[in-house]
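Working notes for the structure below.
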Amino acid sequence: MRKLIAAGLLTSMTLFSFAQKINKIINAKEVERIETVLSSDDMKGRKTFSPDIERASAFIEKEFKKTGLKEFPGATGYRQEFNMIESSNTAAIVMIDGQKLDDSLIAVSSFQPKVSLTEKNTETVNIKASDDFRKKYSEYSSSKKNLLVLVDASFRSYASRLKRRSPAKFEQPDNSVVFVFGINSASVFSIELTNNIIKRPLNNVVGMIPGKSLKNEYVIFSGHYDHLGIGKAVNNDSIYNGANDDAAGTTAVITLAKYFKALNNNERTLVFVAFTAEEVGGFGSQNFSKQFDPEQVKAMFNIEMIGTESKWGKGSAYITGFEKTDMGKILQQNLVGSSFQFYADPYTTQNLFYRSDNATLARLGVPAHSISTSKMDNELNYHKVSDEIRTLDMNNMAEIIKAIAISSKTIISGKDTPTRVDTKALN
Ligand SMILES: [Zn+2]
């Protein structure tokens with residue numbers, strides 16, 4: 001008898017302390033403390049490449065350090081640093097079979113200051129009228145060879161759209177690719193390019209809690225800490241605070257890290273990441289996805305805009321790309337008996353699955369979804385200067401963060417492994 005009573009007592013004490021623990025760590029006061037800093041006017045809207053975003057990074061790093069997270073391999077402290085290399089072509093002299101080409105017929109992807117190309121060091125390829133221009137353009141502009149691409153005249157309108165700016169890269173390529181429009185053959189040519197190269201530093205903020213047994217199986221919790229910066233003033237306010245987008249997700253990442261660190265029972269390795277540069281093209285998550293084998297990532301919870309009430313009311317959120325894996329069903333199952341509800345994304349025509357950092361990992365097969373409460377058909381402050389902390393519900397936000405923690409339970413324990421995204425079926 002005694003033993004049984006003791007065991008029963010122990011179970012209820014464990015449950016009690018679990019409930020206490022989650023409320024002690026994830027609560028409205030703590031959420032408000034973090035949100036207040038990230039969405040303050042002092043951060044000036046956390047614009048990518050601005051000195052202001054640096055203050056947001058420093059704050060998140062400090063929180064990760066206080067939490068006692070481990071550093072991610074290859075990072076400098078909690079900073080996963082990289083460069084975006086941009087190049088604009090300032091001069092291009094193109095002679096093909098004795099004819100000098102007009103500037104308006106040339107587009108360039110080149111990352112060396114001075115370049116000389118001739119038929120001796122450069123391959124010639126064609127984009128024909130029957131080709132898919134965008135597909136061929138992206139294939140050739142990411143080629144590792146020097147290329148002269150002869151583009152059919154029917155695609156002429158792209159020449160001015162592509163202008164003279166190369167698509168930004170993480171590494172500085174040695175080769176150059178020159179597109180010329182309206183020319184179908186070239187036997188002898190010479191091309192002289194002058195380019196202006198700029199390296200712009202960026203960083204994600206990353207920390208982790210190594211798994212107890214499944215160390216090489218990652219579960220990622222992410223949000224993006226960049227926003228739009230400063231824009232046109234509306235009612236004397238020009239700062240896009242991005243309190244909901246996505247200081248809210250970043251706040252969730254920080255609080256979840258504190259919670260799981262206190263629990264200290266994860267079998268899989270948990271990775272917490274605040275991405276940079278989501279709003280300008282997702283460069284942060286793209287760089288992050290190159291730092292490990294995507295097969296190692298068993299699930300990704302990307303948290304985007306959870307500061308307002310969802311269309312179903314308090315304590316509920318939706319999961320983007322719900323049907324693409326069974327991760328959503330696992331999360332729903334783990335919430336059975338709780339006061340929380342997760343639904344499938346109701347705004348499917350808006351393609352939200354592809355509009356945040358989860359998409360980068362999903363394209364590599366990772367079960368990677370965004371969790372959000374944002375009413376995308378009617379979210380009044382979305383991408384406006386009025387996206388301020390006063391428009392958010394701190395209590396509900398704390399509840400949603402708790403829901404995410406609880407919903408992830410069987411995934412971080414290794415009991416459940418979501419199915420993978422079928423990359424062939426993606427857009
Ligand atoms: Zn966002």
Side-chain angles (χ1 to χ4, degrees), residues 48-49 82-200 277 280-283 286-287 289-290 351 354 359-360 363-364 423-424 426-427:
T48 302
F49 301 124
F82 58 99
N83 284 309
M84 286 312 295
I85 301 162
E86 296 177 355
S87 172
S88 48
N89 175 249
T90 51
I93 302 165
V94 179
M95 296 280 297
I96 296 182
D97 294 328
Q99 185 196 347
K100 185 174 182 298
L101 251 69
D102 190 81
D103 257 9
S104 66
L105 300 173
I106 303 164
V108 172
S109 179
S110 177
F111 289 80
Q112 299 296 325
K114 288 268 179 201
V115 176
S116 296
L117 306 177
T118 69
E119 68 282 357
K120 296 195 174 66
N121 62 6
T122 304
E123 233 175 77
T124 304
V125 292
N126 285 76
I127 297 182
K128 299 191 291 282
S130 56
D131 285 330
D132 177 341
F133 178 79
R134 283 162 186 278
K135 217 173 131 197
K136 286 279 174 191
Y137 174 77
S138 94
E139 180 191 328
Y140 290 141
S141 59
S142 55
S143 165
K144 305 246 184 292
K145 296 182 202 162
N146 285 334
L147 290 181
L148 171 61
V149 186
L150 307 174
V151 186
D152 187 84
S154 59
F155 296 119
R156 170 93 200 254
S157 63
Y158 282 102
S160 58
R161 271 192 265 169
L162 297 170
K163 294 208 184 89
R164 314 305 280 273
R165 187 173 276 280
S166 312
K169 309 234 179 199
F170 294 123
E171 308 284 346
Q172 187 171 8
D174 299 323
N175 69 314
S176 297
V177 180
V178 177
F179 298 84
V180 299
F181 292 77
I183 305 255
N184 296 322
S185 69
S187 42
V188 180
F189 57 88
S190 77
I191 299 169
E192 301 293 331
L193 305 173
T194 309
N195 302 309
N196 186 25
I197 320 288
I198 308 167
K199 281 189 194 181
R200 306 172 94 184
V280 296
F283 302 135
Q286 286 166 31
N287 188 273
S289 73
K290 295 179 196 299
N351 275 324
Y354 297 101
T360 301
R363 290 200 164 93
L364 302 170
T423 53
K424 279 182 244 92
L426 291 188
N427 296 355

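We count residues from 1, following the sequence as given.
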Are any non-hydrogen side-chain atoms of V94 and I191 less than 4.5 angstrom apart? yes

Verdict with reasoning, D97 to S187, per side-chain contact (heavy atoms from CB on, under 4.5 Å): CA-CA 6 Å; D97 294 328; S187 42; 3.0 Å; yes

Give, for atom CD1 of I197 and atom CD1 of I85, the distance between the pair rounded to the nearest 0.5 Å. 8.5 Å

Could you tell me whether a side-chain N or O of Q172 sits under 3.5 Å from a main-chain N or O of F111, the two making a donor and an acceptor? yes

Give a yes or no answer on whether the side chain of N89 reaches the backbone of A107 with a donor-acceptor pair at less than 3.5 Å. no

Using the ring of Y137 (Phe, Tyr or Trp, six-membered ring only), decide whether R134 places NZ or CZ under 6.0 Å from its centre and within 45 degrees of its axis. no

Should the ring pair F181 and F133 be called parallel, tilted or perpendicular, given that the plane angle runs from 0 to 90° and is split at 30 and 60? tilted

Min side-chain heavy-atom separation L148-L117 under 4.5 Å: no

Return the CG to CZ distance between N83 and F283, rounded to the nearest 0.5 Å. 13.0 Å

So, do Y140 and F179 sit near enough that their side-chain heavy atoms are less than 4.5 Å apart? yes

N126 CG to L150 CG distance, which is reported to the nearest 0.5 Å: 5.0 Å

Could you tell me if the side chain of T423 sits less than 4.5 Å from the side chain of R363, heavy atoms only? no

Any side-chain heavy atom of S104 sitting closer than 4.5 Å to one from R156? yes

Any donor and acceptor pair, going by atom type alone, linking the side chain of E119 with main-chain N or O of F189 inside 3.5 Å? yes

Counting N and O atoms only, with roles assigned by atom type, does the side chain of N175 sit under 3.5 Å from a partner on the main chain of S143, one being a donor and the other an acceptor? yes

Any side-chain heavy atom of T194 within less than 4.5 Å of one from K114? yes

Inter-residue atom distance S154.OG - K128.NZ, 0.5 Å rounding: 12.0 Å

Does some side-chain heavy atom of S110 sit less than 4.5 Å from a side-chain heavy atom of V178? no

Determine the minimum heavy-atom distance between A92 and D103, stating which atoms define it. O-OD1, 3.7 Å

Verify, without hydrogens or angle tests, whether D152 (side chain) and I127 (backbone) share a donor-acceptor contact under 3.5 angstrom. no

Checking the side chain of Q112 only, and the main-chain atoms of P173 only, is there a donor and an acceptor separated by less than 3.5 Å? yes

Minimal non-hydrogen separation, S185 against I96, with atom names: O-CG2, 4.0 Å

Kindly write out the residues that satisfy side-chain hydrogen bond (donor to acceptor under 3.5 Å, both in side chains) with S142, not counting sequence neighbours, or none if the list is empty. none

Shortest non-hydrogen separation from Q286 to T360 and the atoms involved: CA-CG2, 3.7 Å

Value rounded to 0.5 Å, distance of OG1 in T124 from CG in L147: 8.5 Å

Donor-acceptor pair, side chain of N146 and main chain of N121, under 3.5 angstrom: yes

Rounded at 0.5 Å granularity, tell me how far CE in M84 sits from NZ in K169. 10.0 Å

